[in-house]
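Worksheet: the structure to be examined is printed underneath.
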2 protein chains.
Amino acid sequence: MSVQERKQRERAERERLIVATARELAEQQGWDAVTTRRLAERIEYSQPVLYSHFRGKREIIGAVALEGAAEMAAALRAATSAADGPRARVAALAGTYLDFAARNPAVYDAMFELDGGLAFAHEDTPQPLKDAFAALLDSLTEVAGDGVHPGLFTELFWASLHGLATLTRAGRLPPEHTERRVELLVNRLAKL
Amino acid sequence: MSVQERKQRERAERERLIVATARELAEQQGWDAVTTRRLAERIEYSQPVLYSHFRGKREIIGAVALEGAAEMAAALRAATSAADGPRARVAALAGTYLDFAARNPAVYDAMFELDGGLAFAHEDTPQPLKDAFAALLDSLTEVAGDGVHPGLFTELFWASLHGLATLTRAGRLPPEHTERRVELLVNRLAKL
DNA sequence: TCGTTTGTCTAGCGATGCTAGGATCAGCTC
DNA sequence: GAGCTGATCCTAGCATCGCTAGACAAACGA
């Protein structure tokens, strides 16, 4: 048994290595540079090994996305729990979200721009994604306003953050007034 | 001279054909299906002909994006000019924007998701893009609120619409309550 | 009528994601 | 300890991608 267990451990370790390497490479040189050949070379295995862990490149992207979602959820929880009052919580939430997107562009792409084969808004949505949304929901429910469905409000708030994040990073929005835009968003959307 | 002019006309016509075919193919089967080979086959010319009109695939995407931007700008103008009062104008603006994105997903991708090699928020931004932004700006200035820079407000409003459009189409947001989300967006962001 | 230019096509390059089939090496049995 | 077996990994290759070089033909000006 012990032999099998060791092999399983090594396999799991190698899988983590693949995901970490893909992420690192994507952050360094963009997802276009993450080819199966380059990835294989970096982990010092041959190409087909990747396919014994993942169905294909899509699933590797999906794995990076899940890792990112878990981190983002944790970051949002940490930021909101350290803030005092609804106003500060929402502001911290928005700031942390955009900060995460700006600091981890490749991961953010894996989560929301690229096709990682993940299910959203379903019952079979992976847990880390649910957690991240729940982190948003928890802090936004208290400022949704009377008669407004918290889930719907959270979806809208999230969409606005997502729009700001992607348009800014793609150079569609000038980066200088990011903070003022976030401030305006919080002031207007949240019923304080 | 007449001969040269005829040739120029034919060239311009063929260029329009390329762009229209690329757009059609993208709407039918997605941008992944728009390969230079397939595109060349559809227009009944060989592959290198494409490269005598455009530097590469990116530029073809960019051409589709510009065409789309012009159409979107026109649609926004038409919708807002037919609406009475600031409230109705903003609602029409938002509805038309999301409707355009939903009806022309491939074109919307070309404009905002894919790399079409276009400059944004610069002085050398192509006119159709400026027009589309100006259409937003014109209807949103009157509801920006006191002391709020209209351009900044427009950027935020646009980002929110963009987030709703992309997340909905990518299956990240359930499509059923789209209208309620738009209503909430208009009610909260606009100072009426 | 004869070069020259302009336009188009065939063929091919390097790179992509992915896979088939053979080699190698660990573990187990006698 | 020898031989078998099954898992593990690699080499080699496929089809397809964006893009380009060089050959060829048609249309033009002299």
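Chain letters run A, B, ... following the sequence lines, proteins first and then strands; every chain starts at 1.
- Closest to the side chain of Arg38(B), out of dT20(D), dC17(D), dC9(D), is dC17(D).
- Atom pair Phe54(A):CZ and dT19(C):C1' shows a separation of 18 Å (rounding to whole Å applied).
- Rounded to an integer number of Å, the gap from Ile43(B) CD1 to dT8(C) C1' is 12 Å.
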Note to self: side chain to side chain contact (heavy atoms under 4.5 Å, CB included) for Trp158(A) and Leu173(B)? Distances and angles first, verdict last.
What the structure shows: CA-CA 10 Å; Trp158(A) 173 35; Leu173(B) 290 180; 3.7 Å; yes
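- Gln29(B) has its CD atom 12 Å from the P atom of dC17(D), to the nearest Å.
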Notebook entry, point to check: Can Leu185(A) and Leu161(A) be said to form a side chain to side chain contact (heavy atoms under 4.5 Å, CB included), step by step?
Noted result: CA-CA 9 Å; Leu185(A) 172 72; Leu161(A) 288 174; 3.8 Å; yes
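- Nearest to the side-chain atoms of Thr36(B) among the listed nucleotides dC10(D), dC19(D), dT8(C) stands dC19(D).
- One interatomic measurement links the two molecules: CD of Glu44(B) to C1' of dT8(C), which rounds to 15 Å at whole-angstrom precision.
- Checking dG13(D), dC9(D), dT8(C) against the side-chain heavy atoms of Arg14(B) singles out dT8(C) as nearest.
- Which of dC18(C), dC19(D), dC10(D) sits closest to the side chain of Arg37(A) comes down to dC18(C).
- The distance between atom CD of Glu10(A) and atom C1' of dC25(C), rounded to the nearest whole Å, is 14 Å.
- Between the CH2 atom of Trp31(B) and the C1' atom of dC17(D) there is a distance of 16 Å, rounded to whole Å.
- Residues Gln8(A) and Arg11(A) are not in side-chain contact: their nearest non-hydrogen atoms beyond the backbone lie 4.5 Å or more apart.
- When each of Phe100(B), Tyr108(B), Tyr97(B) is checked for a ring-ring contact (aromatic ring centres under 6.0 Å, His included) with His162(B), only Tyr108(B) meets the rule.
- Side-chain N/O atoms of Thr35(B) include one lying less than 4.0 angstrom from OP1 or OP2 on dC17(D).
- Taking only distance into account, the side chain of Gln47(B) never meets the base of dC9(C) through a donor-acceptor pair shorter than 3.5 Å.
- No contact: Arg11(B) has no heavy atom under 4.0 Å from any strand.
- Put simply, CD1 on Ile60(A) is 9 Å from P on dG17(C), counting in whole angstrom units.
- Per the geometry, OH belonging to Tyr51(B) stands 16 Å off P belonging to dT8(C), to the nearest Å.
- In this structure, Leu137(A) is not a member of the same hydrophobic cluster as Phe157(A), with clusters built from ILVMFWY side-chain heavy atoms closer than 4.5 Å.
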